[in-house]
Amino acid sequence: MNRVRFAPSPTGHLHIGGARTALFNYLFAKKYGGTFILRIEDTDELRSTGESVKSIFESMKWLGLNWDEGAMPDGSEKGPFGPYVQSAREAAGVYKKYSEELLKSGKAYECYCTPAELDEMRKKAQLEKRPPKYEGLCRNLTAARKKEFEAQGRKPVIRFRMPDDGVTAWNDLIHKDVKFENKLLYDFIMIKASGYPTYNFACVIDDHLMEITHVIRGDDHISNTPLQINLYTALGWKIPELAHLSMILGPDGTRLSKRHGATSVGEYRNQGYLPQTMRNYLALLGWSTVDSQQIFKEGELEEKFDLKGCQKSPAIFDPVKLNWMNGEYIRGYSKEALLELALPYIKEAGLPVEKGRAPLADIVALEQEKYKLLSEIPGLIKFFFTEVEYDPKAVEKTLKTPDAGKILEGVKGAYASLNVFKEAEIEAATRAFAKAGGFKAGAVFHPVRVAVSGRTEGPTLFRMIEYLGREESLKRLAHAATLI
RNA sequence: GCCCCCAUCGUCUAGCGGUUAGGACGCUGCCCUUUCAAGGCAGAGAUCAAGGGUUCGAAUCCCUUUGGGGGCGCCA
């Protein structure tokens, strides 16, 4: 039985890269009937916040990445391997047990160097063009020397004693063979002076204790991996399978960051992207099927996902393709379902929708094939409910013409005498007027469109007029005539 | 500076020794059409980063170079 985990550190919102890692772990678990675990890595005492935890939960839920085990949004825990929050595990003495074991066996040691001293050493190493790694100054401290340091008020950290020679290698599920020379590795800190574990330590302990079988994470962790492997070995533990996903980069080829625009899942949600879009698009960043399938129906990703289809090279996040995909998903909805999705945005925009004469769902659906983002819906249907804002260019082009006045007047008359004010009748009347007046159909349609909507582009004209209602349409035709 | 990873159309990618190098987004044109979209069709776009090998044959295997990315924290 496969067990995988997503282990975010709650120092901010769930961002695109994290979401992709979570998604791949989730899909891997679903594909092979495994268990997907959520573990909170809040060992950064300074930056971790409860707010972030909440926000990450929300984004995960929105994306539909439900976990089988782990910390739950209501503060409870699910699963037999808890606690699933590292600060709680620390409090329970989980990490101390193993750090002491390693201390006792000599595979770890106490280091009394201060951050300032370490900084100094690093700078010096840089200057002398040596690798800026910790040189193991405190590796063989005598008891007397330790006492001296203690007397100075120094608090020790616990470092892992890295092998001096040999090679650490593994067979990565995505990158194949990766190897590092041990002499280039450094004695990383397992336990900070505060008593808290560091990432490299806590991660290994927890992955082992939680019986994680596959570690799937970003390849920014590749250089941490040999450190962790040595720790597994020192503890005599089995090393899980390792898979390192390629990074997601911004359009300029550098690491995705704030200056590329939205980076958090929440921001995409607010802009009106659908969770299916995000899942589908993110899945395709660094993964593909042999036939390059683009759109995946519900459940299909879970079925088709495979680590074998994962890319080694980094992928550039392309908002244009994201938008296309979101449009695809929006077009797939029934008008009722689309209305449900659009409602929050319509409310947010404060449109007085009660003034509409046609059902709101019909009005929203009128331009369904045009929407790329839910957030752009209010702007496109606004003219149904509020006073028309005439686009000066549209007015110039269609209303400031010799015949416009005649046309608006004539159409108005035709509409006023209509018995049934429905799309088909409106169209028939409009065409009849055009024919009688010797106008080309388009020559009539265009000014009418601008007169009732203020724009040259919009929904199919006669249905739009029907939804607007006779009274409102006549009013707008009259008003438009004054603009000529 | 040191270490590691990566390299196919602008972008996401298929390919895994013999292909007219395939698909998707975007782009261009045509069709449909009252507009914009959507849809349909057609097209442009990749000397497979470069240079060496190996081989009858290389995008596919090996080496070097170049370029890009990541790491080198008492962050994760």
Side-chain angles (χ1 to χ4, degrees), chain A residues 7-11 41-48 111 113-115 118-119 122 125-134 155-159 172 175 178-181 184-186 188-200 202-203 217-226 244 246-247 249 251 253-255 281 284-295 309 311-318 320-325 327-328 331 367-372 380 394 398 427 430-431 434 440-446 448-450 453 455-462:
Chain A
S9 65
T11 54
E41 304 210 328
D42 59 345
T43 56
D44 186 337
E45 304 122 289
L46 258 48
R47 278 175 281 198
S48 297
C111 168
C113 298
T114 64
L118 292 170
D119 220 45
R122 255 194 297 274
Q126 286 271 26
L127 236 61
E128 292 168 10
K129 303 197 192 257
R130 286 180 288 117
K133 72 167 204 175
Y134 180 67
K155 287 196 106 183
V157 299
I158 301 176
R159 286 187 184 269
D172 197 276
H175 289 269
V178 187
K179 52 173 159 276
F180 287 77
E181 286 197 61
L184 266 4
L185 273 23
Y186 68 106
F188 69 91
I189 294 174
M190 300 176 354
I191 304 286
K192 311 177 200 178
S194 66
Y196 254 54
T198 60
Y199 161 74
N200 278 312
C203 171
R217 71 212 331 179
D219 70 15
D220 48 340
H221 283 298
I222 282 188
S223 49
N224 285 319
T225 304
H244 288 93
S246 58
M247 297 275 86
L249 309 177
T254 64
R255 200 181 177 141
Y281 182 72
L284 254 23
L285 276 188
W287 173 79
S288 64
T289 58
V290 173
D291 61 349
S292 285
Q293 182 175 345
Q294 298 296 314
I295 300 288
Q311 196 78 7
K312 288 191 275 194
S313 47
I316 290 174
F317 187 89
D318 179 11
V320 177
K321 183 163 179 181
L322 214 218
N323 285 345
W324 161 76
M325 197 174 275
E328 284 287 306
R331 267 168 247 132
E367 297 186 80
Q368 179 161 7
E369 65 282 359
K370 208 170 296 175
Y371 306 139
K372 297 248 188 279
L380 284 169
T398 65
E427 176 164 4
T430 313
R431 286 190 189 279
K440 276 204 219 158
V444 176
F445 297 165
H446 295 312
V448 171
R449 170 181 296 284
V450 172
S453 73
R455 325 188 301 224
T456 52
E457 15 184 285
T460 181
L461 181 58
F462 306 109

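Naming convention: chains lettered A, B, ... in sequence-line order (proteins, then strands); numbering from 1 in each chain.
Looking at the side chain of A:Asp220, the nearest of the listed nucleotides B:rA14, B:rG70, B:rA24 is B:rG70. Checking B:rA37, B:rC5, B:rC25 against every side-chain atom of A:Val178, the shortest atom distance belongs to B:rC5. Of the candidates B:rC75, B:rU13, B:rC74, the closest approach to any side-chain atom of A:Thr198 belongs to B:rC74. Proximity note for A:Leu184 (side chain, C-beta onward) versus B:rC12, B:rG69, B:rC3: the nearest is B:rC3. Nearest to the side chain of A:Ile222, among B:rC12, B:rG15, B:rC5, sits B:rC5.
Under 4.0 angstrom from either OP1 or OP2 of B:rC36 there lies no side-chain N or O belonging to A:Thr456. Distances shorter than 4.0 Å separate some side-chain N or O of A:Arg255 from OP1 or OP2 on B:rG71.
B:rC6 atom P lies 9 Å from atom CG of A:Asp219, rounded to whole Å.
Remark: the A:Asp291 side chain and the A:Thr289 side chain contain an N/O donor-acceptor pair separated by less than 3.5 Å.
A:Arg255 has a carboxylate O that lies under 4.0 Å from a charged side-chain N of A:Asp220, or vice versa, which qualifies the two as a salt bridge.
The base of B:rU34 lies close enough to the side chain of A:Thr460 for a donor and an acceptor atom to sit less than 3.5 Å apart.
As rounded to the nearest Å, B:rA24 and B:rA14 have C1' atoms that lie 11 Å from one another.
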